[in-house]
Asks: 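Please find one structure pasted underneath; my questions will follow.
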Amino acid sequence: QVRLVESGGGLVQAGGSLRLSCAASGSIFSINFMDWYRQAPGEQRELVGIITSDGTTNYADSVKGRFTISRDNAKNTVYLQMNSLKPEDTAVYYCNADVQSRSWSPASLAYWGQGTQVTVSS
């Protein structure tokens, strides 16, 4: 069993910043990648960005230049630094991890956190 817990959400004004954290715990041998999704009311879930075990990152076009993903492998934690926030960034943000639980099996499973609310006011 693997658990992911997000934190750091809140209410900010447009142009402000927030940093989200997601910590993974449980039966973890290695994490292939961790990523962030968001979902606004009435909208489909959107991939925000991803970071691999070696630190390679990719971002959605809507957040490039404003958001930065980083990772602390020793803590099994991923961060999302959000700058120059816009009202359209308002959503519930979820982290996801692709986890290999056993050293003798390369099979991996995806796990999701419960989400943290980010609200950006005009």
Side-chain angles (χ1 to χ4, degrees):
Q1 186 71 33
V2 175
R3 182 185 183 192
L4 274 60
V5 179
E6 302 100 333
S7 62
L11 173 64
V12 298
Q13 292 183 318
S17 298
L18 284 174
R19 190 174 87 149
L20 307 183
S21 299
C22 175
S25 61
S27 299
I28 300 172
F29 174 72
S30 65
I31 299 177
N32 297 319
F33 60 84
M34 303 181 76
D35 51 26
W36 287 93
Y37 287 80
R38 66 185 182 186
Q39 188 165 23
E43 302 290 337
Q44 296 187 35
R45 185 183 64 184
E46 175 189 23
L47 176 64
V48 176
I50 183 171
I51 186 167
T52 66
S53 59
D54 66 358
T56 301
T57 57
N58 284 287
Y59 301 93
D61 289 341
S62 59
V63 306
K64 286 181 180 177
R66 300 188 298 119
F67 290 11
T68 302
I69 295 175
S70 60
R71 179 172 177 172
D72 186 337
N73 289 336
K75 297 181 179 179
N76 289 325
T77 299
V78 64
Y79 305 93
L80 181 65
Q81 178 67 48
M82 304 184 294
N83 299 323
S84 301
L85 283 162
K86 305 174 181 179
E88 52 262 43
D89 295 319
T90 296
V92 177
Y93 284 71
Y94 301 91
C95 69
N96 171 68
D98 189 69
V99 178
Q100 179 182 341
S101 293
R102 297 175 294 185
S103 62
W104 62 89
S105 175
S108 61
L109 294 173
Y111 295 90
W112 293 86
Q114 296 300 306
T116 184
Q117 177 71 48
V118 172
T119 302
V120 184
S121 64
S122 300

Asks: Report yes or no: does Arg19 contribute a side-chain atom to a donor-acceptor pair with the main-chain N or O of Gly8 at less than 3.5 Å?
Replies: no
Asks: Counting C-beta onward and ignoring hydrogens, is there a side-chain heavy-atom pair between Trp36 and Ile51 closer than 4.5 Å?
Replies: no
Asks: Between Gln114 (side chain) and Glu6 (backbone), is there a donor-acceptor pair under 3.5 Å?
Replies: no
Asks: Among residues at least two apart in sequence or on other chains, which ones pass salt bridge (charged side-chain N to carboxylate O under 4.0 Å, His left out) with Arg38?
Replies: Glu46, Asp89
Asks: Give, for atom CG of Asp35 and atom CG of Asn96, the distance between the pair rounded to the nearest 0.5 Å.
Replies: 4.5 Å
Asks: Do you know which two heavy atoms are closest between Val63 and Val48, and how far apart they sit?
Replies: CG2-O, 3.7 Å
Asks: Side-chain heavy atoms under 4.5 Å apart, restricted to Ile/Leu/Val/Met/Phe/Trp/Tyr: what other residues fall into the cluster of Phe29, or is it alone?
Replies: none
Asks: Provide the closest heavy-atom pair for Ala110 versus Asp98 in the form atom of the first, atom of the second, distance.
Replies: N-OD1, 4.3 Å
Asks: May I ask you to test the Thr90-Gln117 pair for a side-chain heavy-atom distance under 4.5 Å?
Replies: yes
Asks: Hydrophobic clustering (ILVMFWY, side-chain heavy atoms < 4.5 Å, transitive) - are Ile28 and Leu109 grouped together?
Replies: yes
Asks: Excluding sequence neighbours, so at least two apart, what forms salt bridge (charged side-chain N to carboxylate O under 4.0 Å, His left out) with Asp54?
Replies: none
Asks: Tell me if a side-chain donor or acceptor on Gln100 pairs with a main-chain N or O of Arg102 at a distance below 3.5 Å.
Replies: yes
Asks: Could you list who else is in Ile50's hydrophobic cluster, with ILVMFWY side chains joined at under 4.5 Å, directly or through other members?
Replies: Phe33
Asks: By the rule that ILVMFWY residues connect when side-chain heavy atoms come within less than 4.5 angstrom, directly or transitively, which residues belong alongside Trp104?
Replies: none
Asks: Would the distance check show the side chain of Gln1 and the main-chain N or O of Ser27 forming a donor-acceptor pair, the cut-off being under 3.5 Å?
Replies: no
Asks: Could you name each residue pair satisfying ring-ring contact (aromatic ring centres under 6.0 Å, His included) that touches residues 67-98, not counting sequence neighbours?
Replies: none
Asks: If hydrophobic clusters are built from ILVMFWY residues whose side chains come within less than 4.5 Å, do Tyr59 and Leu85 share one?
Replies: yes
Asks: Give the C-alpha distance, both sets of side-chain angles, the deciding distance and a yes or no for side chain to side chain contact (heavy atoms under 4.5 Å, CB included) between Arg71 and Ile69.
Replies: CA-CA 7 Å; Arg71 179 172 177 172; Ile69 295 175; 5.9 Å; no
Asks: Just verifying a value: how many Å separate Ser53 OG and Met34 CE, rounded to the nearest 0.5 Å?
Replies: 11.5 Å
Asks: What heavy-atom pair brings Ser17 and Ser84 nearest, and what distance separates the two atoms?
Replies: OG-N, 4.3 Å
Asks: Using the side chain to side chain contact (heavy atoms under 4.5 Å, CB included) rule, take Val118 and Leu20 through it: C-alpha gap first, then chi angles, then the decisive distance, then the call.
Replies: CA-CA 9 Å; Val118 172; Leu20 307 183; 4.1 Å; yes
Asks: Quick one: pull up CG in Leu4 and SG in Cys95 and give me the separation to the nearest 0.5 Å.
Replies: 4.0 Å
Asks: Search all heavy atoms of Gln81 against all heavy atoms of Asn83 and return the closest pair with its distance.
Replies: NE2-OD1, 3.0 Å
Asks: Same cluster for Val92 and Val120 if Ile/Leu/Val/Met/Phe/Trp/Tyr side chains link at under 4.5 Å?
Replies: no
